[in-house]
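Worksheet for the structure shown next.
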Protein chains: 2
Amino acid sequence: MVNSAKFDRQQVIANATHLFWARGFNGCSMRDVQQAVNLRPGSLYASFGDKETLYREALLHYASQGMVALQALEQQLVCPLAVLRQFMRQALASSLADAPDKVCMLVKTVHELGGAQHPLAKLARELLQQMANQFARLLQQAKQAGNLAPATDVNALASFYQMQLIGLKSFAQLQQNPALLDTLLQQALAILPAEKAH
Amino acid sequence: MVNSAKFDRQQVIANATHLFWARGFNGCSMRDVQQAVNLRPGSLYASFGDKETLYREALLHYASQGMVALQALEQQLVCPLAVLRQFMRQALASSLADAPDKVCMLVKTVHELGGAQHPLAKLARELLQQMANQFARLLQQAKQAGNLAPATDVNALASFYQMQLIGLKSFAQLQQNPALLDTLLQQALAILPAEKAH
DNA sequence: ATACCTCTTGAACAATTGTTCAAATATACA
DNA sequence: TGTATATTTGAACAATTGTTCAAGAGGTAT
């Protein structure tokens with residue numbers, strides 16, 4: 001008999017992700033986590049390892065959600081540039097809603113642990129780079145479709161998208177005024193290349 | 001006899017600020033602080049109160065440094081728009097150098113403690129708003145000098161500057177590549193209004 | 001049932017946390 | 001110098017931290 005656990009592993013990770021996202025690695029104790037996932041310490045440690053290992057799992061879970069969201073848009077929309085623009089809008093919309101915290105969990109992790117070259121910060125940086133690579137891939141498609149100037153540096157532009165996104169979401173944490181946030185989003189989108197009219 | 005303390009109060013606050021900035025509120029213990037400022041617990045508590053009070057002092061110290069930097073630029077440069085542009089360049093340059101951490105301490109504080117409506121996060125938000133108000137004041141000057149369209153919403157534009165700055169500094173924490181960061185800075189500056197040629 | 005394996009439980013551990021306080025030391029003024 | 005006042009010291013506190021582990025519970029196969 002193997003793995004006859006009562007709990008739903010994915011649900012546990014999802015709950016832990018929410019808590020870690022909202023309060024950070026140092027901001028919540030293992031007892032907080034135990035309560036949030038409804039597991040006693042023994043079960044939690046036996047199934048998920050220590051705090052750092054569990055947080056790592058949470059980071060991966062969070063990042064994969066972002067990837068899924070991007071892929072979903074890719075299937076709905078034809079133009080890669082439209083995908084990116086819609087992804088930005090969507091990201092800020094979730095900032096306005098009751099997300100556990102409005103800032104990207106990967107960015108928060110780097111901010112909290114990045115100074116000490118923490119392995120979790122390293123992972124978060126890698127996952128952010130993966131996201132930027134997806135942006136670059138979409139931009140490359142747009143370029144080949146003739147929607148971007150041939151000389152465009154898609155990697156640099158992808159980083160610029162990511163920088164705008166990080167700025168918007170961080171700012172949303174400071175100023176909850178929806179009208180102002182929408183203005184900023186429009187300004188940011190105005191910078192970025194749009195699908196050509198036809 | 002009053003205040004015959006041996007230590008330099010300002011130096012203690014400066015050292016504490018460095019540590020809190022680099023490692024966050026939850027990331028460093030009072031023992032870490034005691035070591036960094038070279039004070040035994042009794043002296044530290046007698047002179048600065050508890051951890052939260054000391055962190056508050058650090059936030060104020062940090063924010064005033066930013067204000068001073070902006071005012072220094074204001075005395076060097078005539079055009080208010082040039083002041084803002086130079087402030088952006090300077091902020092990113094200090095990100096490339098060995099700042100304790102590359103992200104604004106106010107932003108880091110809101111990220112770490114903001115979800116729980118922590119009083120320190122509230123203060124950090126207020127200080128960020130003060131900075132945005134300074135930006136708006138400079139933009140208002142530029143508008144009156146005819147360097148901005150009369151219809152410009154200076155408060156919204158000030159927020160946009162701040163959002164760009166937050167994005168740049170956060171991104172600098174992820175990607176240390178100086179060439180890429182410089183490209184992003186140029187792109188961000190290209191968006192923002194510049195002094196008219198004459 | 002009985003034996004066996006797996007998972008769960010919660011008490012317990014050592015280390016660390018923020019903070020206090022009585023004793024020791026230093027300083028100022030007579 | 002002697003006394004009073006201000007400051008520094010470091011041991012100590014209770015609470016919380018991350019983590020472990022022996023004992024119990026639950027299910028499956030013989």
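Quantities reported herein were computed from a predicted structural model and do not represent experimental measurements. Letters A, B, ... mirror the listed sequences (proteins, then strands); counts begin at 1.
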Would you kindly compare B:D32 and B:G42 by the position of their nearest DNA chain C nucleotide and give the one closer to the 5′ end? B:D32
So A:Q34, base contact, sugar-phosphate only, or nothing? Heavy-atom distance under 4.0 Å. base
Mark yes when over 12 heavy atoms from residues, nucleotides or ligands other than B:Q35 sit less than 6.0 Å from its CD; otherwise mark no. no
Could you give the OH-to-C1' distance, from B:Y45 to D:dG10, as a whole number of Å? 14 Å
Checking B:S170 side chain against B:G167 main chain: does a donor-acceptor pair fall under 3.5 Å? no
For the pair A:Q134 and A:R137, evaluate side chain to side chain donor-acceptor pair (under 3.5 Å) and give the outcome as yes or no after the intermediate values. CA-CA 5 Å; A:Q134 295 299 309; A:R137 181 179 55 77; 2.7 Å; yes
Whole-Å distance, A:F7 CZ to D:dG26 P, equals 17 Å
For atom CG of B:L44 and atom P of C:dT20, their distance in whole Å: 12 Å
Quickly work out the B:Q35 CD to C:dT17 P distance and round it to whole Å. 12 Å
Between CG of B:D8 and C1' of D:dT7 the distance, given in whole Å, is 16 Å
Could you please spell out the steps behind the side chain to side chain donor-acceptor pair (under 3.5 Å) verdict for B:Q129 and A:Q175? CA-CA 9 Å; B:Q129 182 60 57; A:Q175 275 277 10; 2.6 Å; yes
Using whole Å, report how far CG of A:N26 lies from P of C:dG18. 11 Å
Among the nucleotides C:dT9, D:dG10, D:dT19, whichever has the atom closest to the side chain of A:P41 is D:dT19
Measure the distance from CZ on A:R31 to C1' on C:dG10 and round it to the nearest whole Å. 11 Å
Take atom CZ of A:R9 and atom P of C:dT8, then tell me their distance rounded to the nearest Å. 12 Å
Identify whether any heavy atom of A:S29 sits under 4.0 Å from a base atom; if not, whether one sits that close to sugar-phosphate; answer base, sugar-phosphate or nothing. sugar-phosphate
